[in-house]
Enquirer: 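Sharing a structure with you now.
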Protein chains: 2
Amino acid sequence: MAKNRRYNRSRQRDRILELLRETGDHPTADWLYTQLKDEFPNLSVGTIYRNLNILLDQGLIKKIDFGSTFDRFEANTAPHYHFICDRCGSIIDLDLPIDPDLDSRVNDRTPYTALRHKIEFFGLCNRCSNMQ
Amino acid sequence: MAKNRRYNRSRQRDRILELLRETGDHPTADWLYTQLKDEFPNLSVGTIYRNLNILLDQGLIKKIDFGSTFDRFEANTAPHYHFICDRCGSIIDLDLPIDPDLDSRVNDRTPYTALRHKIEFFGLCNRCSNMQ
DNA sequence: GTTCATGCAAATCGTTTGCACAATG
DNA sequence: CATTGTGCAAACGATTTGCATGAAC
């Protein structure tokens with residue numbers, strides 16, 4: 001996404017942001033499109049995506065993606081946490097025990113029942129921090 | 001992916017699993033394809049994907065995806081953890097403090113420098129556990 | 001010999017982009 | 001009026017799939 005641009009306001013973008021703020025959910029582009037197409041009969045999905053990218057660039061929203069645009073596969077089927085290097089992008093299995101206390105924390109303090117969790121840590125791997 | 005099937009062995013699938021076990025990395029389908037195309041000159045990407053799905057079905061490998069095949073967006077830009085309901089799939093922002101101790105744990109016990117982390121909890125949301 | 005896997009190519013699907021026109025400032 | 005945004009449709013790229021042939025058991 002192109003940074004350091006100036007943006008004009010648009011009614012479409014204002015509404016996309018409003019909708020994202022109203023809903024407690026984490027909608028897809030298509031959901032936003034469906035919600036708004038009555039209001040903007042000629043709305044196109046391209047507009048939704050372009051505006052979402054602008055809002056991301058402005059730091060007004062976040063995308064729940066996970067770094068890679070590709071599916072990634074691993075043969076380590078035991079539960080484990082991942083470390084992802086900000087610089088080189090490599091994904092590393094961590095040799096740390098799974099912490100069941102985290103699930104309890106959710107169960108004690110929220111109305112949800114956590115059975116398991118995933119953690120991804122981000123930072124610098126040893127290679128990259130030595131290189132610096 | 002179709003479950004409850006029987007699978008014949010194939011040299012291609014054996015090698016895909018072997019490669020995934022050898023590499024400490026978390027490769028993409030395309031990386032596996034590139035590695036194996038010398039060994040199987042007529043190999044196609046379709047075969048890679050089909051076999052990866054079979055291996056997933058057999059529980060021999062894991063995919064590092066994150067539930068949704070769609071990008072998802074949210075207006076809550078403050079750091080927070082997510083809860084994802086196994087039954088209805090909804091993604092919910094958790095009102096729990098971020099735990100900096102988790103990063104220290106990585107920094108103390110591994111050669112990596114963790115600066116931040118993400119957690120996704122999985123289980124049942126209040127709606128779905130009441131429904132049961 | 002029946003079932004499953006492969007190679008090939010086309011299809012699918014979420015997302016991006018080029019272009020002519022409309023809206024913004 | 002100079003720039004940015006929109007709608008439309010085509011393009012893109014990762015993944016999936018239909019089909020005829022080959023391998024497994």
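To find a chain, count down the sequence lines: A is the first, B the second, and so on, and within it residues start at 1. Just so it is clear, the model here is predicted, and its values are computed rather than measured.
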Enquirer: Quick one: on DNA chain C, does Phe73(B) or Arg13(B) contact a more 5' nucleotide (nearest heavy atom)?
Expert: Arg13(B)
Enquirer: Report the nucleotide, chosen from dC4(C), dT3(D), dG7(D), that has the shortest atom-to-atom distance to any side-chain atom of Arg50(A).
Expert: dG7(D)
Enquirer: Taking atom P of dA22(C) as reference, at what distance in whole Å does atom CD of Gln12(A) sit?
Expert: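 Interatomic distance, CD of Gln12(A) to P of dA22(C): 14 Å.
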Enquirer: For Asp71(B) and dC13(C), give me the distance from atom CG to atom P, rounded to whole Å.
Expert: 17 Å
Enquirer: Side chain of Arg5(A): nearest nucleotide among dG5(D), dT6(D), dT6(C)?
Expert: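 Closest of the options to the side chain of Arg5(A): dG5(D).
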Enquirer: Of Arg11(B) and Gly46(B), whose closest DNA chain D nucleotide lies nearer the 5' terminus?
Expert: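 Closest to the 5' end, via its nearest nucleotide, is Gly46(B).
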Enquirer: Looking only at the side chain of Asn42(B) (C-beta and beyond, no hydrogens), which of the listed nucleotides dC8(C), dT6(D), dA5(C) gets closest?
Expert: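 Per side-chain heavy atoms of Asn42(B), the pick is dC8(C).
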Enquirer: Looking at the side chain of Arg6(A), which of dG25(C), dT24(C), dC8(D) is the nearest nucleotide?
Expert: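 That would be dG25(C).
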Enquirer: When the side chains of residues 96-103 of chain A are checked against the rest of the protein, which donor-acceptor pairs come out under 3.5 Å, sequence neighbours left out?
Expert:
residue	atom	partner	partner atom	Å
Asp99(A)	OD1	Asp101(A)	N	2.9
Asp99(A)	OD2	Arg105(B)	NH1	3.0
Asp99(A)	OD2	Arg105(B)	NH2	3.2
Asp103(A)	OD1	His117(A)	ND1	2.9

Enquirer: Does any pair with a residue in residues 10-19 of chain B pass salt bridge (Lys or Arg N to Asp or Glu O under 4.0 Å), and if so which ones, sequence neighbours excluded?
Expert: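 The answer is Arg9(B)-Asp14(B), Arg15(B)-Glu18(B), Arg15(B)-Glu39(B).
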Enquirer: Could you tell me whether the side chain of Ser129(A) and the main chain of Asn126(A) form a donor-acceptor pair under 3.5 Å?
Expert: yes
Enquirer: Figure out the CD1/P separation between Ile48(B) and dT17(D), and round it to whole Å.
Expert: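 Taking atom P of dT17(D) as the reference, CD1 of Ile48(B) is at 17 Å.
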Enquirer: For the side chain of Asn8(A), counting heavy atoms from C-beta on, which of dG7(D), dC25(D), dT24(C) is nearest?
Expert: dT24(C)
Enquirer: Compare all side-chain heavy atoms of Phe83(B) with those of Thr110(A) and state whether any distance is below 4.5 angstrom.
Expert: no
Enquirer: We want to know whether Glu74(A) and His26(B) form a side-chain donor-acceptor pair, criterion being a heavy-atom distance below 3.5 angstrom.
Expert: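 Present: a donor and an acceptor within the cut-off.
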Enquirer: Would one find a side-chain N or O of Ser10(B) under 4.0 angstrom from OP1 or OP2 of dC4(C)?
Expert: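 For dC4(C), neither OP1 nor OP2 has a side-chain N or O of Ser10(B) closer than 4.0 Å.
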Enquirer: Please give, in whole Å, the distance from dT16(D) C1' to Asn51(B) CG?
Expert: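 Asn51(B) atom CG is separated from dT16(D) atom C1' by 14 Å.
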Enquirer: Let me spell it out: for each of Val45(A) and Arg9(B), pick the nucleotide of DNA chain C with the closest heavy atom. Which residue's pick is nearer the 5' end?
Expert: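 Nearer the 5' end of the strand: Arg9(B).
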Enquirer: Nearest whole Å is fine: how far is dG14(C) P from Leu32(A) CG?
Expert: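 Distance check: Leu32(A) CG to dG14(C) P gives 14 Å.
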Enquirer: Which whole-number value in Å describes the distance from Leu55(A) CG to dG5(D) P?
Expert: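 After rounding, the reported distance stands at 11 Å.
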Enquirer: Considering just the side-chain nitrogens and oxygens of Thr47(A), establish if one lies under 4.0 Å of OP1 or OP2 belonging to dG7(D).
Expert: yes
Enquirer: How close or far is atom C1' of dC4(C) from atom CG of Asp57(B), stated in whole angstroms?
Expert: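 Spelled out: CG on Asp57(B) to C1' on dC4(C) is 14 Å.
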Enquirer: What is the distance, to the nearest angstrom, from the CG atom on Leu17(B) to the C1' atom on dA5(C)?
Expert: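 Roughly 16 Å, once rounded to whole Å.
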